[in-house]
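Report on the following structure.
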Amino acid sequence: MSTLDEISGEIKQKTQGAIQTIQQLKQLFDYFEKLANKDCSADNLISQALENGNLSSFNFTGQTTDLSYFAQSDTMPLSAIRNIGDENIKGAVKQTFDKAAQQGLIKLDGDNIKITAKGKDYISQPDFIKAAQTDQTVAYQKAVAKMASDNVAANEVQMCVGLRGNYYNDFTVFNHTDKIDLSTVINHPNKELSKKILSNVKKWQQCGAVTVKDGVATVTNAGKEMLKSAGFKAASVPLTEGTVAAVGNVPGAVIVVTKKVVSAAVKAVQSANQSMTR
């Protein structure tokens, strides 16, 4: 075989490989698109995340409005209280629930706490609902603020993006990070938004764009390649990454952390020092 034949063969092989890759990406995006409008229950995904990730689906505050938990379910597993990470809040929740039990609002039923008819009437009052919404929003904002400081060095800032439940746009979060912790989605006070986002995650999982384990969704190599495809870029509007302080104040979004970067202030000092040494 001549050198020219060898070169021709290599070019042909590379071309065929490129065509095959394009075809695979098109198939993946076609399947991704097919799932977009499919009804998909995220209940199993939530259950698995809660069970395997040792998470709570509620922002406990230790106040009476924590009884609003029962607006989403008549029963609450005792593990929901055991999984509260802050010991002070956990203690306050126990006291609040003990008092509620004495008032006949809730009762112990095996390994679960069950709301009573009296309790249902109590949490359905307009004043209670309004107070609960306020307390849950404040609790979520505190959790977001905590993300800005947890395990962040003095010279760093935590970056994040805001998910809004758009099937295509939200997937572009993986332009900024390989993994998203679903706990911040599950804990969001707007449960309809939470379920919408988790339903989308379930669809991403079904088409092979992400894997989900222990409450964390991780983008696959196929998902990364799809982000680069022309079809996906045409269908989506990329999410903007920003600091927790900036993105966290945007209403109607679920905040997920992406990466830590050196703060602008530190960069400015470094730049000034470099200029002085020249």
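As a basis for the values below, the full set of heavy atoms in this structure was taken, side chains included, without hydrogen atoms, waters or symmetry mates. Bear in mind the structure is a predicted one, so any value in this text is a computation, not a measurement.
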Which pair of heavy atoms, one from [X] and one from [Y], lies closest together, and at what distance?
X      : Y      : answer
Ala253 : Gly162 : CB-CA, 4.1 Å
Asp121 : Gln125 : O-NE2, 3.0 Å
Lys191 : Ile186 : NZ-O, 2.9 Å
Cys207 : Leu28  : O-CD1, 3.1 Å
Ala209 : Met226 : CB-CE, 4.3 Å
Ala80  : Phe60  : O-CE1, 3.8 Å

May I ask you to test the [X]-[Y] pair for a side-chain heavy-atom distance under 4.5 Å?
X      : Y      : answer
Tyr140 : His188 : yes
Leu105 : Ile115 : no
Leu163 : Leu239 : yes
Lys99  : Gln95  : no
Thr61  : Ile89  : no

Under 3.5 Å, is there a donor-acceptor pair between the side chain of [X] and the main chain of [Y]?
X      : Y      : result
Ser236 : Pro238 : no
Ser199 : Lys195 : no
Asp178 : Val219 : no
Thr220 : Gly223 : yes
Thr172 : Asn175 : no
Thr134 : Lys130 : yes
Thr184 : Val256 : no
Lys203 : Lys38  : yes
Asn169 : Val237 : yes

Look at atom [atom1] of [X] and say whether more than 12 heavy atoms of other residues, nucleotides or ligands are closer to it than 6.0 Å.
X      : atom1 : result
Lys114 : NZ    : no
Lys260 : NZ    : yes
Lys196 : NZ    : no
Lys259 : NZ    : yes

From [atom1] ([X]) to [atom2] ([Y]), nearest 0.5 Å:
X      : Y      : atom1 : atom2 : answer
Leu67  : Ile106 : CG    : CD1   : 6.0 Å
Ile180 : Cys160 : CD1   : SG    : 12.5 Å
Met76  : Ile81  : CE    : CD1   : 3.5 Å
Tyr167 : Glu33  : OH    : CD    : 9.0 Å
Ile129 : Asp127 : CD1   : CG    : 9.5 Å
Leu35  : Lys202 : CG    : NZ    : 11.5 Å

Linking I/L/V/M/F/W/Y whenever their side-chain heavy atoms sit closer than 4.5 Å, directly or via other members, would [X] and [Y] fall into one cluster?
X      : Y      : result
Leu182 : Val216 : no
Leu108 : Ile123 : yes
Leu193 : Ile255 : yes
Met159 : Val152 : no

Using side-chain contact (heavy atoms from CB on, under 4.5 Å), reason through Val93 and Tyr69 one step at a time and then give a plain yes or no. CA-CA 12 Å; Val93 170; Tyr69 179 101; over 6 Å; no

From Asp111, Asn112, Ile113, residue fulfilling side-chain contact (heavy atoms from CB on, under 4.5 Å) relative to Pro77: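 Looking at Asp111, Asn112, Ile113, the match for Pro77 under the side-chain contact (heavy atoms from CB on, under 4.5 Å) is Asn112.
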
With ring centroids as reference points, do Phe174 and Phe171 lie under 6.0 angstrom apart?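 Close enough - the centres of the two rings lie under 6.0 Å apart.
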
May I ask you to decide if the ring planes of Phe97 and Phe70 are parallel, tilted or perpendicular, using 30° and 60° as cut-offs? tilted

Side chains of Asp135 and Thr65 only: does a donor on one sit below 3.5 Å from an acceptor on the other? yes

